[in-house]
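For reference, the structure discussed in these notes is given below.
On a predicted model such as this, the values are computed, not experimentally measured, just so you know. In listed order, ligands and their atoms are each counted from 1.
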Amino acid sequence: MSDLFDFRRRLDNYAVMGNPVAHSKSPRIHTLFAEQTGEPVHYEAIQVDPGGFVQAVGNFDASSGKGLNITVPFKQEAWALVNERSDRAERAGAVNTIKFIDKTLFGDNTDGIGLVNDLLNNRIEIKNKQVLLMGAGGAARGVLAPLLEQQPAQLIIANRTAEKARELADSFRDLGNIEGSGYEALENKQFDLVINATAASLQGELPPLPDNLLADGATCYDMMYGAEPTPFMHWATQHGATTVLDGLGMLVEQAAESFYIWRSVRPDTKPVIEQLRREMTA
Ligand code: ATR
């Protein structure tokens, strides 16, 4: 008993904060990373009440916590709370990773690099490609800077509320060739890569897409994931996409980037993605 107690005391504490958070896969992913790398990491999920976020982070810091992941609905609050931000977090307007460094809270956002790494791992090229990003909410904003860093020929943001897409494109124009529009403006355009960053899949819905949207060899990527393909993934298969991916890889990749920020050790993501996929469909 006391041996176990001593062992636990020697682990560094990390957690994900969100609401709801009970079904978060982050504790499982980081536990698998810790086992794989031998890093002394203990990781748990902490449900935080609305209005209780700042206090919860303070409590975690006071208990010698080393780092946090932040998920819905606290990413913007985390952005406002931290003392320092990476450039990509600054741009994203949201923080999903906090590292406690002495008295400083360092905030980063690993969602975008998670998406890009998952695409690259799957041999999907972004450079010089026509890319469509659907959605103009927090999820879309979070991935824009890392996507533009890969230098697509053009990145179009399409959104139900077209004005939001145009505003978002305007605020990232200095990083690359980017435009915003409604879905009706996609008529007669073709894309090599289409990414769904809308909340439509959550509601079992699909953004209104023209039939001839996909170029030859196109990839469709839904940032959502589940045991079953999303409506957008079904649409992609029916409309001739060569590659159709869900967001499970992105989830593991963003976690790996957080792990690296905290531990300076990069876990091997492939076996963890495969393990999660097995557990999800079992
Ligand atoms: P998130 O943080 O997940 O991005 P959000 O900021 O609320 O959540 O943004 C949700 C995004 O999904 C928005 O781009 C929204 O479009 P509107 O701005 O027009 O509301 C988009 N969205 C939600 N449900 C949708 C649906 N059924 N079809 C198309 N787009 C949808």
No-hydrogen, no-angle side-chain donor-acceptor test under 3.5 Å, D108 and S86
yes
To the nearest 0.5 Å, what is the distance between CG (N117) and CD (Q254)?
11.0 Å
Residue, atom name and distance, where the atom is the protein heavy atom closest to [atom]:
atom: atom 21 (C) of ligand 1; answer: T198 CB, 3.7 Å
atom: atom 31 (C) of ligand 1; answer: R160 CZ, 3.6 Å
atom: atom 16 (O) of ligand 1; answer: N159 OD1, 3.2 Å
atom: atom 3 (O) of ligand 1; answer: A139 CB, 4.0 Å
atom: atom 27 (N) of ligand 1; answer: E205 OE1, 2.5 Å
atom: atom 18 (O) of ligand 1; answer: K164 NZ, 2.6 Å
atom: atom 5 (P) of ligand 1; answer: G137 CA, 4.0 Å
atom: atom 12 (O) of ligand 1; answer: A199 N, 3.0 Å

Decide whether an N or O pair under 3.5 Å exists between A136 and ligand 1.
yes
Could an N or O of ligand 1 be found under 3.5 Å from any N or O of P208, whether backbone or side chain?
no
Would you find more than 12 non-hydrogen atoms of other residues, nucleotides or ligands less than 6.0 Å from [X] atom [atom1]?
X: F100; atom1: CZ; value: yes
X: N83; atom1: CG; value: yes
X: D87; atom1: CG; value: no
X: Q47; atom1: CD; value: yes

Hey, which atoms in ligand 1 end up nearer than 4.0 Å to a heavy atom of Q203?
24 (N), 27 (N)
Identify, by atom number and element, the atoms of ligand 1 in contact range of G135, meaning under 4.0 Å from any of its heavy atoms.
14 (O)
Tell me which part of R141 gets within contact of ligand 1: side chain, backbone, both or neither, using heavy atoms under 4.0 Å.
neither
Short N-O contact, E163 and R166, less than 4.0 angstrom
yes
So, are E279 and R28 salt-bridged, with charged N and O less than 4.0 Å apart?
yes
Classify the angle between the aromatic ring planes of Y14 and W262 as parallel (below 30°), tilted (30 to 60°) or perpendicular (above 60°).
tilted
Of the choices G142, G138, P207, which has the non-hydrogen atom that lies closest to atom 6 (O) of ligand 1?
G138
